[in-house]
Amino acid sequence: MSGKDTRHPLIIAPSLLAAHFGHFHRDSERVGRSGAEWLHLDIMDGHFVPNLSFGPDVVKALRKHSSLLFDVHLMCSKPDTLLKLFKEAGADAITIHAELGRRVEDLIWQIRSLNRKVGLAVNPPTSIKDAEPYLDKIDLLLVMTVNPGFGGQSFIEETLPKIQQAQKWRKDRKLNFRIQVDGGINDKTGAMCAREGADTFVSGSHLFKQRNMRYGVKRLRRACHEATEFSERMKTIQS
Ligand code: DX5
Ligand code: ZN
């Protein structure tokens, strides 16, 4: 039996990875004025992904100047030692990767006991089934729509069925986690994800290259909102 669909209000989360690395403070304030709800913070360790970004000290410095929800995405092989540091730095949500296998359960528990929102991410080559055992323990399921490590990559369309599956699980099991997408998100790809059930949209290069980020956020939100409404209408007609 299918339960009631529990769609969340849409959230736009600009990714600081696309900011000017010499001007994090200025650029995080730009996000603060843009109408976006979350600031997405990509943490890379040079091991889980072949790139390095920034650490908790940067997050802590930005926290003093921002009231956005800090959405920390840990692309790290050993998040265990980092969780407390990011909590103390001001993270509101912490996402770890399903690719960490048997350590996932304990990491989820640790994030929960730090009283942070819990996110679980799935890379494009990883089956969405790897996230299935944890769906009732998380606040956020992050379907990666590029292979993590770098901003500015092209959206991978083959990830769309995973969003559809996540939405089906959420509805059938009456769960409440958000479905987040990250990588290559613009008005067109955001709408494609929204149609399948995504409600939380990370966007880096697309939003940062806008002359007016506020207008860019508004347009992205409108595109995703219209796609959500359209797919809801289609489902009502078909049922
Ligand atoms: C990729 C990161 C993304 C990245 C998205 O490894 O997890 O958050 O910043 O950037 P765009 O939107 O440019 O693909
Ligand atoms: Zn990310």
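Keep in mind that the numbers below use all heavy atoms, side chains included, and drop hydrogens, waters and symmetry copies. One-based numbering, in listed order, for ligands and for the atoms of each.
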TODO: Determine whether the side chains of D42 and H40 contain a donor N or O and an acceptor N or O closer than 3.5 Å.
DONE: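 A donor-acceptor contact under 3.5 Å links the two side chains.
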
[X] atom [atom1]: more than 12 heavy-atom contacts under 6.0 Å:
X    : atom1 : answer
F230 : CZ    : no
K60  : NZ    : no
K87  : NZ    : yes

Task: Contact (N/O only, under 3.5 Å) between G152 and ligand 1 - done: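 For ligand 1, there is an N or O atom that lies under 3.5 Å from one belonging to G152.
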
Open item on the list: Does any N or O of ligand 1 fall below 3.5 Å from an N or O anywhere on G184, backbone included?
Closed with: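 Yes: some nitrogen or oxygen of G184 is under 3.5 Å from one in ligand 1.
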
Which atoms of ligand 1 are found less than 4.0 Å from any heavy atom of [X]?
X    : value
P148 : 6 (O)
H73  : 7 (O)
S205 : 11 (P), 12 (O), 13 (O)
M75  : 6 (O), 7 (O)
G151 : 10 (O), 13 (O)
H40  : 8 (O)
M144 : 7 (O)
M44  : 6 (O)

Minimum-distance atom from the Zn ion (ligand 2) among N, O or S atoms of [X]:
X    : answer
D182 : OD2
D42  : OD1
H73  : ND1

- [ ] Please work out whether the ring planes of F24 and F54 are parallel, tilted or perpendicular, with thresholds of 30° and 60°.
- [x]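 The arrangement is perpendicular - the two ring planes meet at more than 60°.
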
Provide, to 0.1 Å, the distance between [atom] and the closest protein heavy atom, together with that atom's residue and name.
atom                    : value
atom 1 (C) of ligand 1  : F150 O, 3.6 Å
atom 12 (O) of ligand 1 : G204 N, 2.7 Å
atom 5 (C) of ligand 1  : D182 OD1, 3.5 Å
atom 6 (O) of ligand 1  : G149 N, 2.7 Å

TODO: For a side chain to side chain contact (heavy atoms under 4.5 Å, CB included) with E229, tell me which candidate from R233, E232, E226 qualifies.
DONE: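 Of all the options given, the one that passes is R233.
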
Task: V118, L107, I108 screened by side chain to side chain contact (heavy atoms under 4.5 Å, CB included) with Y134, the one that passes - done: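 The single option meeting the side chain to side chain contact (heavy atoms under 4.5 Å, CB included) with Y134 is I108.
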
Task: Reported CG-to-OG1 distance for the pair L120 and T95, which is rounded to 0.5 angstrom - done: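 The OG1 atom of T95 is 8.0 Å from CG of L120, to the nearest 0.5 Å.
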
TODO: Kindly compute the distance separating CG (L82) from CD1 (I96), expressed to the nearest 0.5 Å.
DONE: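 The CG atom of L82 sits 12.0 Å away from the CD1 atom of I96.
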
- [ ] May I ask whether H206 places a heavy atom under 4.0 Å from ligand 1?
- [x]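 Heavy atoms of H206 never come under 4.0 Å of ligand 1.
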
Open item on the list: Looking at ligand 1, is there an atom of it that comes within less than 4.0 Å of some heavy atom belonging to G183?
Closed with: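 It does, in that a heavy atom of G183 comes within the 4.0 Å cut-off of ligand 1.
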
Open item on the list: Looking at D199 and R170, is there a salt bridge between them, counting it only when a charged N and a carboxylate O are closer than 4.0 Å?
Closed with: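 So R170 pairs with D199 through a salt bridge.
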
- [ ] Measure the shortest side-chain to side-chain distance between N186 and F155 over non-hydrogen atoms and say whether it is less than 4.5 angstrom.
- [x]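 Side-chain contact under 4.5 Å: no.
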
- [ ] Mark yes or no for whether D45, through its side chain, and H47, through its backbone, hold a donor-acceptor pair below 3.5 Å.
- [x]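 Checking the backbone N and O of H47 against the side chain of D45, a donor-acceptor pair under 3.5 Å is found.
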
Task: Heavy-atom nearest neighbour of atom 9 (O) of ligand 1 within options S154, S15, A121 - done: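 Among S154, S15, A121, the closest heavy atom to atom 9 (O) of ligand 1 belongs to S15.
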
